Amino acid sequence: MGVIQDILRTMDYGPSPEGAEHVKAWLEQHESGFGHFINGAFTKPGNLFDVFNPANGERIARVSRGSAGDIDAAIAAARKAQAKWAALSGFERSKHLYALARHVQKRERFLSVLETIDNGKPIRESRDIDIPLVARHFYHHAGWASLIESEFPDTKPVGVCGQIIPWNFPLLMLAWKIAPALAAGNTVVLKPAEFTPLTALAFAAICVETGLPPGVVNIVTGDGATGSALVAHAGVDKIAFTGSTEVGRAIRKATAGTGKKLSLELGGKSPFIVFEDADLDSAVEGVVDAIWFNQGQVCCAGSRLLIAESIAETVYAKLRARMANLRLGDPLDKSTDVGAIVAPVQLERIRRLMREGEAEGLEFFRANETGPDRGCFYPPTLVTGVDPASVLAREEIFGPVLVATTFRTPDEAVALANNTRYGLAASVWTENVNRALEVAARIKAGVIWINSTNMFDAASGFGGYRESGFGREGGREGLSEYRVADEPKPKPAASHSPRLNASPGLAPARNLVDAGPDRTAKLFVGGKQARPDSGYSYAVLDSSGRELGLAGLGNRKDIRNAVESAAKASSWGAATAHNRAQVLYYIAENLAAREDEFARRLGAMAGVSARAAKTQVDASIRRAFVYAGYADKFDGAVHATRSRFVTLAMNEPWGVMGIVCPDEAPLLAFVSLVMPAIAMGNSVVVVPSASHPLSATDFYSVLETSDVPSGVVNIVTGEANVLAKTLAEHDGVDALWYVGDTEGARQVEALSAGNLKATWTSAGAIDWAKAEGREFLRRATQVKNIWTPYGE
Ligand code: NAI
């Protein structure tokens, strides 16, 4: 006896490879190379580069490297097709998307095998996760195509979208980009990653099969140079990018000032937090999915294990035992858990980071050191005792490497979780629902999975906070990236950057001491009036050049102080919406009480008639009331995603917002921009109209008498574009609204690339009488999706 026990102990899986003949035959048919897919047809292959199977290093295809001319042709085709595509009824567009979904589903096996051969991911993942999610995405957006007009009123398609995707989920990222763009009435030029272009080309063939009108989808293959030609092309209205933060930053700079809409889904270093009361066996399985799924080449991979000190050794032991059972090898084998790394250069990057970690003396555990003899393989790795300052805790490794750090208290866990420049996702493991939701609320990340990880669905938004990018993909949140307001393009506004000495509104700077302190409106920082750091003021003139008073000439240091005060006022964001509403009502009420005074000031300062001044003050009061009303009504949503999950889409404030106001409508523009921002729980640093700042400085006393907590509204007067520059460069500013001139808008967008803060700029004349509503609230918030499971 004992034989059966022995068999059970030694039992192993035999090889179980998925058949690849049909894919190989297709690749053979295209042995001479693939062309681009432009205007509904494949171009003649040219300027070819090789594509390899990372599991064995064999060349599997040759693909064309797109030139600027190819991009030009693709954009011309997309432009030509766009108006007709947008003019189709929602129902017609819907049928096209539905057909794409059906055909992807029919070819699931082919596409899974092709994806696995091209990318190296285990067939189980491409077959059970990637491709089904692709189909799901097209189905979901087929629905949106017919609902877009009614669900997104007063908007229109953006136009031609340039889309650039990475290699880690090649077809899934294509679906995330193409499905919403098409549903919303846009046409696209998509550039797949150079390592993994093949499923995109197979998808192009599906577009032909389903009869998608030529030019609606165009696919140009190539590398970074092709991508950057797409970004630079003047015919593109929007760029959607997924990839490294470094390239995202370059794209932010390249598109600055062009008016191109931009969404960026970038890197991450997501925490996976395990509290002592977690179900440890489930958490260990969660870790497997978090970091060894797709060899850890996942932007939202749970790559930092933060673990309660008291259970750390127990969990490490369980993990090591589990790692010993992970099968590393042929991705086409149905029982492989960990496949190949996408390319030698990525493998080398992982090895380099490991060498750096080894040089720091960190402790490594690898269960399966020996992978296949050829191809790009790296074993699942656990690194323990990692200091938060270690390179391995900071850098996105993008490989199957888990780094572990312990914590003692929930506060420390949250601090460690947020100790990163990224903010894409987080996993929280605890059986205590209160703790789970509290920690979820405090983590700065776009997606939080409670007792789960790597959950995706087309109905839920996905995207990051901070340097993980901005914009969302999926569901309603993602669709709004592909629509713009349906209104005529505004005329460019007059220059917003009056230099002292050169503008009718601004007189030369002078020393405050000469001016006499009493006549000078100071800055408003941290709830107090403050003298400008420079010690200078400037004269505010009326329309006929007479001096009306003096305003402080703020500088870089004043902006820094104001940002610091705003950051300290973060409890405003945690106040109840009802409390915030009360404060906003109070502001409105106090403004109303001083209506005549504000109207007189406007009349004198901006040279408008008494009637026009009164109209502007009245509109400002009404606007303040409107946002007081909205404060507790701009709800989130519960998305219909997977069964046994509630996916809570919460509208969270950015934190600290910079707001740069135009010269037009000095009071109404100020109120229209500041009120929605604070209604949503942000604290703000506002630069009011440079030429007509006195309505804003008069506003201090309204704020002081309205119970606005100190630091929630900070006001720095001075030259708008100079102060906007400091706001754009400041890493403590999370989002920046700028209304001004073309050069100022460009500057703000380019300089915001530092911490990738979200910007909303306008260089056009705005009709302030109408500048109100949900779009302002949407822009004042970012969505956090919290996936909460239920059931035993
Ligand atoms: P990458 O960001 O260079 O590539 C992503 C896409 O951008 C590819 O299609 C590429 O051709 C294109 N691209 C590259 N340079 C461009 C430019 N200047 N303008 C426009 N498009 C450009 O990522 P890469 O080099 O493949 O991987 C490097 C690291 O980036 C990885 O090790 C990983 O850490 C991170 N990464 C993160 C991803 C994510 O989803 N968050 C995806 C891929 C990589």
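Starting from 1, each residue takes its place in the sequence as its number. Model, not experiment: these values are computed from the prediction. Atoms within each ligand, like the ligands themselves, are counted from 1 in listed order.
Listed for the Asn186 side chain is no donor-acceptor partner under 3.5 Å among the backbone atoms of Val160. Checked by atom type and distance alone, the side chain of Asn418 pairs as donor or acceptor with a backbone atom of Lys444 at under 3.5 Å.
At a heavy-atom cutoff of 4.0 Å, ligand 1 is contacted by no atom of Gln297, backbone or side chain. No part of Glu246 comes within 4.0 Å of ligand 1, judged by heavy-atom distances. Contacts of Leu266 with ligand 1, taken as heavy-atom pairs under 4.0 Å, involve the backbone alone. The parts of Ser228 lying near ligand 1 are both backbone and side chain, judged by heavy-atom distances below 4.0 Å.
Salt bridge annotation for Arg349-Glu396: absent, with no cationic side-chain nitrogen under 4.0 angstrom from a carboxylate oxygen. The pair Glu356-Arg352 meets the salt-bridge criterion, since a charged nitrogen lies less than 4.0 angstrom from a carboxylate oxygen. Comment: Glu467 engages Arg421 in a salt bridge, judged by a side-chain N to carboxylate O separation of less than 4.0 angstrom. A salt bridge is absent between Arg65 and Glu194; no separation between the charged side-chain nitrogens and carboxylate oxygens falls under 4.0 Å. A salt bridge links Glu749 and Arg252; the closest N-O separation between the charged side-chain nitrogens and carboxylate oxygens is under 4.0 Å.
For ligand 1, the atoms sitting less than 4.0 Å from at least one non-hydrogen atom of Trp167 are 24 (P), 26 (O), 27 (O), numbered in the order shown with element in parentheses. Heavy-atom proximity to Gly267, at under 4.0 Å, picks out these atoms of ligand 1: 41 (N). In the vicinity of Ala193, heavy-atom distances shorter than 4.0 Å reach the ligand 1 atoms 9 (O). Taking every heavy atom of Pro166 and a limit of under 4.0 angstrom, the matching atoms of ligand 1 come to 42 (C), 43 (C).
Residue Glu265 has no N or O atom closer than 3.5 Å to an N or O atom of ligand 1. Note: no N/O pair closer than 3.5 Å links Thr242 and ligand 1 by distance alone. Inclusion of Ile164 in the set of residues having an N or O under 3.5 Å from an N or O of ligand 1 is not warranted.
The ring-ring contact (aromatic ring centres under 6.0 Å, His included) search around Tyr139 returns Tyr98, not counting sequence neighbours. Scanning for salt bridge (charged side-chain N to carboxylate O under 4.0 Å, His left out) contacts around Asp330 gives an empty result, with sequence neighbours left out.
Of the candidates Lys260, Lys261, Arg79, Gln82, Arg79 is the only one forming a side chain to side chain donor-acceptor pair (under 3.5 Å) with Asp237.
Between Phe203 and Phe138, the ring centre distance stays below 6.0 Å.
Within a 4.0 Å radius of atom 4 (O) of ligand 1, the protein contributes no non-hydrogen atoms.
In this structure, Lys121 is positioned above the aromatic face of Phe169, its NZ or CZ under 6.0 Å from the six-membered ring centre and within 45° of the axis.
Among all protein heavy atoms, the one lying closest to atom 22 (C) of ligand 1 is Val247 CG1, 3.6 Å. For atom 11 (O) of ligand 1, the closest heavy atom belonging to the protein is Glu194 OE1, 2.7 Å. Protein heavy atom nearest atom 6 (C) of ligand 1, with residue, atom name and distance: Ile165 O, 3.6 Å. Among protein heavy atoms, atom 44 (C) of ligand 1 sits closest to Phe398 CE2, 3.8 Å. At the top of the distance list for atom 30 (O) of ligand 1, counting protein heavy atoms only, stands Ser244 CB, 3.0 Å.
Ligand 1 lies within reach of Phe241, whose nearest heavy atom is under 4.0 Å from it.
In the candidate list Ala232, Cys299, Pro170, Cys299 is nearest to atom 41 (N) of ligand 1, counting heavy atoms.
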